[in-house]
Amino acid sequence: MRNPKIEDFIVVGAGLSGLACARTAAQTGLKPLLIDRSLAVGGRCASKPVSPELPPWDFGPIFWHGDANELEALTKLVGEEELLPWPLKVKGVGLPCQPEAFEEGQFRRALVSGLRRWPEVLAQDLSVKTGVLARKISWNSEGVSLVTDQGILQARDLVLALAPEQTQEVFENSLAEEPQLASSLALLRQFSTLPSLTVLAWYANGPELAWDVWYPETSREVLLISHEASKRRYLSGNALVIQARPAWSEARLEVDRSLWAKDLLESAAKLVGQWVQSPDKWLAHRWKYARRAPGDGLKPLVLTKPGSPGRIAVTGELFDSGGLSSAFRAGERTAQKLLNVKERPQH
Ligand SMILES: Cc1cc2nc3c(=O)[nH]c(=O)nc-3n(C[C@H](O)[C@H](O)[C@H](O)COP(=O)(O)OP(=O)(O)OC[C@H]3O[C@@H](n4cnc5c(N)ncnc54)[C@H](O)[C@@H]3O)c2cc1C
């Protein structure tokens, strides 16, 4: 059997951290290869329609947020016409997913075609293979070997840009061949990503709503309700995204989704009005890993092994303060760290 071609730079995970990492590598002249187990790029930065005739709604993060420099970069990337200051009308004083999104100096924007437009544009000039699941990694005399469900890939540098639990899974699968991964695995196990059960509900008719997003302070079930139609001018009727609180979600992760979706709609109806209980169309999505638990970010993790020129780096929101802009920054920083090293380690 022929040995696989050795890629300079492979990134596993085409979420924001993986895309930012691959783009930064591409800007230095490399031709990174991105792989993702899903059929689309973006990971948790996701939008989808509740039914084919409706436009896509955001069912992960509901808006982009970042500082002035990050907004300038985003505007250059997706175009000014794509961005809408949002949310303008915030109801409730419950804790948002990323409280820093509302701090001074932070800008908040909805994307008119859905938040997934951001990762889609980021991926445009990159080589991306979707539908490829990474299983395990090991070092060899030429670099790093990556076993996927579609065969083996080889790289000089390999970056895992996944949720920490997903990186743990790859490390666990690799331990028999690479026992030295045990210490990094122990470190990653200190961190967890909170789940989020989410319902997208569409109503052909419904009253005018006086808010764009509602963070209820008293509900034990509902973390937030987003009024999607307020950022999709071409979406008729009322469209709500209801995100459940992490503890409530955790307790129902293995429960049939039609049961928890009904309960979540009922809880939202108690807040907004009875009509919310009976959507004309709805979808339920189970995010097992939604957002990281609050905590400090880690420094970029780059692992090497004596006798091999290969490097394995780990990135993602864990390596910054958490959230989408944070995942993006961590990805950029990881590529910079790998590529600024002028000499590869000599053994
Ligand atoms: C419901 C919800 C609400 C959120 N709200 C906010 C918010 O308000 N503000 C905010 O800043 N952030 C929010 N977040 C968090 C934000 O979406 C994430 O921080 C960010 O998108 C993480 O990006 P990432 O690239 O690190 O990971 P991901 O987006 O998870 O990307 C990882 C990618 O790796 C792929 N993958 C996983 N395992 C494998 C494997 N073995 N092989 C190949 N591919 C694999 C996945 O398919 C995925 O595409 C929210 C997330 C959710 C789900």
Side-chain angles (χ1 to χ4, degrees), residues 10-22 34-47 57-66 70 87 95-102 106 108-110 115-116 118-119 122-123 128-137 146-150 153 158-174 193-200 213 215 223-224 226 241-246 249 285-293 297 314-332 334:
I10 292 184
V11 180
V12 181
L16 291 169
S17 59
L19 287 163
C21 185
L34 257 163
I35 67 158
D36 200 292
R37 68 177 185 185
S38 304
L39 296 177
V41 299
R44 282 172 266 171
C45 186
S47 324
W57 310 357
D58 302 324
F59 67 106
I62 52 171
F63 58 91
W64 173 94
H65 49 93
E70 288 166 333
L95 201 62
C97 324
Q98 296 291 332
E100 66 268 26
F102 290 93
Q106 287 287 301
R108 294 161 291 281
R109 294 290 183 271
L115 213 54
R116 73 171 183 198
W118 181 23
L122 285 171
V128 187
K129 282 190 186 163
T130 53
V132 182
L133 175 79
R135 290 198 201 283
K136 58 180 184 171
I137 47 176
L146 170 70
V147 178
T148 76
D149 62 346
Q150 322 253 321
L153 296 169
L158 179 113
V159 180
L160 297 172
L162 314 170
E165 291 81 354
Q166 295 163 335
T167 305
Q168 282 172 38
E169 208 176 311
V170 176
F171 277 19
E172 277 156 10
N173 295 340
S174 315
T193 313
L194 304 173
S196 172
L197 298 181
T198 302
V199 172
L200 292 75
V213 61
Y215 296 103
L223 177 77
L224 70 82
S226 161
V241 174
I242 306 158
Q243 288 181 15
R245 290 197 185 275
S249 301
H285 190 88
R286 168 185 172 273
W287 289 105
K288 190 169 178 194
Y289 307 121
R291 50 179 83 81
R292 62 165 287 202
V314 184
T315 194
E317 60 169 343
L318 181 60
F319 297 85
D320 201 278
S321 54
L324 31 80
S325 291
S326 174
F328 188 88
R329 285 192 296 268
E332 277 185 330
T334 300

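When a ligand or atom number is given, it counts from 1 through the structure's own listing order. Keep in mind it's a predicted model, so treat the numbers as computed, not measured.
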> Looking only at distances, please establish whether an N/O atom of ligand 1 is found under 3.5 Å from an N/O atom of Glu317.
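Between Glu317 and ligand 1 (N or O atoms, distance only) the closest approach is under 3.5 Å.
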> Quick one: does Ala101 get within less than 4.0 Å of ligand 1, heavy atoms only?
no
> If you take the nearest heavy atom of each of Ser326, Ala290, Ala161, which one is closest to atom 15 (C) of ligand 1?
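Closest candidate by heavy-atom distance is Ala290.
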> Tell me if the CD atom of Glu169 is crowded by more than 12 foreign heavy atoms within 6.0 Å.
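Not more than 12 within 6.0 Å, no.
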> Tell me the protein heavy atom at minimum distance from atom 23 (O) of ligand 1, and give that distance in Å.
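The protein heavy atom lying closest is Ala327 CB, 3.5 Å.
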> How close does the nearest protein non-hydrogen atom get to atom 44 (N) of ligand 1, and which residue and atom is it?
Arg37 N, 3.0 Å
> Based purely on interatomic distance, does Tyr289 place a nitrogen or oxygen under 3.5 Å from a nitrogen or oxygen of ligand 1?
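It does not: no N or O of Tyr289 is found under 3.5 Å from an N or O of ligand 1.
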> Can you figure out which of Gln166, His285, Glu169 has its heavy atom closest to atom 37 (C) of ligand 1?
Gln166
> Provide, to 0.1 Å, the distance between atom 31 (O) of ligand 1 and the closest protein heavy atom, together with that atom's residue and name.
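The closest one turns out to be Gly15 CA, 3.4 Å.
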> Should one rank Val241, Leu162, Thr315 by closest heavy-atom distance to atom 38 (N) of ligand 1, which comes out on top?
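Heavy atom nearest to atom 38 (N) of ligand 1 belongs to Leu162.
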> Distance to 0.1 Å, residue and atom name: give those for the protein heavy atom nearest to atom 42 (N) of ligand 1.
Ala134 N, 2.9 Å
> Going by heavy atoms, is His65 under 4.0 Å from ligand 1?
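Under 4.0 Å: yes for His65.
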> Is the contact between Ile62 and ligand 1 made by the side chain, the backbone, both, or neither, using heavy atoms and a 4.0 Å cut-off?
neither
> Nearest non-hydrogen contact with atom 47 (O) of ligand 1 belongs to which option: Asp36, Leu197, Leu324?
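Among Asp36, Leu197, Leu324, the closest heavy atom to atom 47 (O) of ligand 1 belongs to Asp36.
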> Any atoms of ligand 1 less than 4.0 Å from a non-hydrogen atom of Gly43? List them with their elements.
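Listed by number with element, the hits are 29 (O), 48 (C), 49 (O).
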> Which one of Val12, Leu160, Asn173, Val147 satisfies the side chain to side chain contact (heavy atoms under 4.5 Å, CB included) criterion with Ile137?
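Output: one option passes, namely Leu160.
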> Under 4.5 Å between any side-chain heavy atoms of Val213 and Arg108, yes or no?
no
> Please write down residue, atom name and distance for the protein heavy atom closest to atom 5 (N) of ligand 1.
Pro61 CA, 3.5 Å
> Going by the order shown, which atoms of ligand 1 are within less than 4.0 Å of some heavy atom of Gly323?
10 (C), 11 (O), 12 (N), 19 (O)
> Could you list which atoms of ligand 1 come closer than 4.0 Å to a heavy atom of Gly42?
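Those atoms are 29 (O).
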> Just need the protein heavy atom nearest to atom 2 (C) of ligand 1, so name the residue and atom and give the distance.
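So the nearest neighbour among protein heavy atoms is Gly60 C, 3.6 Å.
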> Where do Val132 and Asp149 land on the side-chain contact (heavy atoms from CB on, under 4.5 Å) test, with the steps shown first?
CA-CA 6 Å; Val132 182; Asp149 62 346; 4.0 Å; yes
> Find all atoms of ligand 1 within a distance of less than 4.0 Å from any non-hydrogen atom belonging to Trp287, and give their numbers and elements.
1 (C), 53 (C)
> Students should be able to answer this: which protein heavy-atom is nearest to atom 3 (C) of ligand 1, and at what distance?
Arg291 NH2, 3.1 Å
> For Arg329 and Ser321, run side-chain contact (heavy atoms from CB on, under 4.5 Å): C-alpha distance rounded to whole Å, both residues' side-chain angles, the deciding distance at 0.1 Å, then the answer.
CA-CA 10 Å; Arg329 285 192 296 268; Ser321 54; 3.7 Å; yes
> Report the part of Gln243 (side chain from C-beta onward, or backbone N, CA, C, O) that has a heavy atom under 4.0 Å from ligand 1; answer both or neither where that applies.
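The side chain, only.
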> So, is Thr198 polar-close to ligand 1, with some N/O to N/O distance under 3.5 Å?
no
> Measure Ser17 to ligand 1 on non-hydrogen atoms and call it side chain, backbone, both or neither using the 4.0 Å cut-off.
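Both of them.
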> When you measure from the side chain of Glu317 to the backbone of Gly323, do you find a donor-acceptor pair of N or O atoms at a distance under 3.5 Å?
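Such a contact is found between Glu317 side chain and Gly323 backbone.
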> Considering non-hydrogen atoms of the protein only, which is the closest contact for atom 29 (O) of ligand 1, and what is the distance?
Arg44 N, 2.8 Å
> Just distances here: any N/O of Leu16 and N/O of ligand 1 closer than 3.5 Å?
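It does: an N or O of Leu16 is found under 3.5 Å from an N or O of ligand 1.
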